[in-house]
Amino acid sequence: IMEAAGFSNVDADKEPTAEELAAAFREQKKQGEGVYRELLFPTRAVRRMLIAALGIHFYQQASGIDALVYYSPVVFNEAGIKSRLGRLGATVGVGFTKFIFIFVATIYLDNVGRRPLLMVSSAGLSVCLVSIAIAFITLHINNTHGDTLISVSVHQSAKTTTAGAAITIFAICAFVAFFSIGFG
């Protein structure tokens with residue numbers, strides 16, 4: 001305790017006196033003072049850190065990863081995978097991709113740094129979302145004329161091809177991979 005409080009001449013064999021313990025606890029208590037003041041009225045450096053942290057967390061949630069993973073069986077059904085086992089396999093593939101790329105990010109985090117991984121992740125997420133949108137538009141997938149995603153299973157989707165299903169599966173797996181590298 002005494003070393004943690006900043007005392008340098010601490011004898012490990014000698015028991016501290018009551019005054020030394022009281023001084024150590026007072027010093028320890030002083031170290032936590034002003035924390036809320038720094039958060040409520042931050043300095044310029046703390047303000048930049050707060051903005052960066054809040055921005056990263058906002059974009060992490062706004063990227064849509066939770067909706068994509070949750071609705072992936074519906075998306076795969078609309079992309080042309082009609083068998084239940086096929087949709088399950090594609091969803092398991094998405095989960096496996098996320099699992100693998102979390103380890104890839106862990107390996108490269110120390111060598112490359114967080115900022116380059118976030119930049120690559122952001123660019124990759126954008127490209128993958130655009131490719132999914134283009135695939136859905138050009139292949140007429142989920143052509144329900146303004147209906148919501150909830151009512152998607154009621155309607156028959158347009159005739160889809162194997163290429164459309166492959167592009168969709170690849171783009172979703174790439175989206176999950178890029179998310180896991182930087183934001184995840």
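Computed from heavy atoms alone, side chains included, the values below leave out hydrogens, waters and symmetry copies. Keep in mind that what you see is a predicted model, and the values were worked out from it rather than measured.
- Note that OG1 of T91 and OH of Y70 are 12.5 Å apart. Values are rounded to the nearest 0.5 Å.
- Residues satisfying the side-chain contact (heavy atoms from CB on, under 4.5 Å) test with A105, not counting sequence neighbours, are none.
- Closest approach of G182 to L118, counting heavy atoms only: O-CD2, 3.5 Å.
- Taking each heavy atom of T97 and A177 in turn, the nearest pair found is CG2-CB, 3.9 Å.
- Annotation: side chain of F178 is not in contact with side chain of V127 (no heavy-atom distance under 4.5 Å).
- For the residue pair K98 and V176, the shortest heavy atom distance occurs at CB-CG1, 3.3 Å.
- In this structure, S131 contributes its side chain and C128 its backbone to a donor-acceptor pair below 3.5 Å.
- Note that CZ of F179 and CZ of F101 are 14.5 Å apart. Values are rounded to the nearest 0.5 Å.
- Connection of I181 to I56 is not established within any shared hydrophobic cluster, with ILVMFWY side chains joined at heavy-atom distances below 4.5 Å, either directly or through further cluster members.
- The OH atom of Y59 sits 9.5 Å away from the OG atom of S122 when rounded to the nearest 0.5 Å.
- Clustering ILVMFWY residues whenever any of their side-chain heavy atoms sit less than 4.5 angstrom apart, transitively, puts V69 in the very cluster that holds I81.
- With rounding to the nearest 0.5 Å, the separation of OG in S72 from CD1 in I172 is 7.0 Å.
- When all heavy atoms of S63 and Q60 are compared, the closest pair comes out as OG-O, 3.0 Å.
- Put simply, the side chain of R114 never gets that close to the backbone of L109: no donor and acceptor are under 3.5 Å apart.
- V74 and I167 fall into different hydrophobic clusters, where Ile, Leu, Val, Met, Phe, Trp and Tyr side chains are chained together by heavy-atom contacts under 4.5 Å.
- When all heavy atoms of L125 and F183 are compared, the closest pair comes out as CD1-CD1, 3.7 Å.
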Margin query: If you apply the rule side-chain contact (heavy atoms from CB on, under 4.5 Å), what do you find for F76 with L88, and how did you get there?
Written below: CA-CA 9 Å; F76 292 141; L88 178 64; over 6 Å; no

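- Rounding to the nearest 0.5 angstrom, the gap separating the CG atom in L68 from the CD1 atom in I132 is 6.0 Å.
- Listed by chain and number, the residues in a side-chain contact (heavy atoms from CB on, under 4.5 Å) with V46 are E38, P42, T43, M49, L50 (sequence neighbours excluded).
- The only member of I65, T106, I102 that meets side-chain contact (heavy atoms from CB on, under 4.5 Å) when paired with S180 is I102.
- Cluster annotation: F96 is connected to F103 through the hydrophobic network of ILVMFWY side chains, with a link wherever side-chain heavy atoms come within less than 4.5 Å.
- For the atom pair CZ of R87 and CG of N77, the computed distance is 4.5 Å after rounding to the nearest 0.5 Å.
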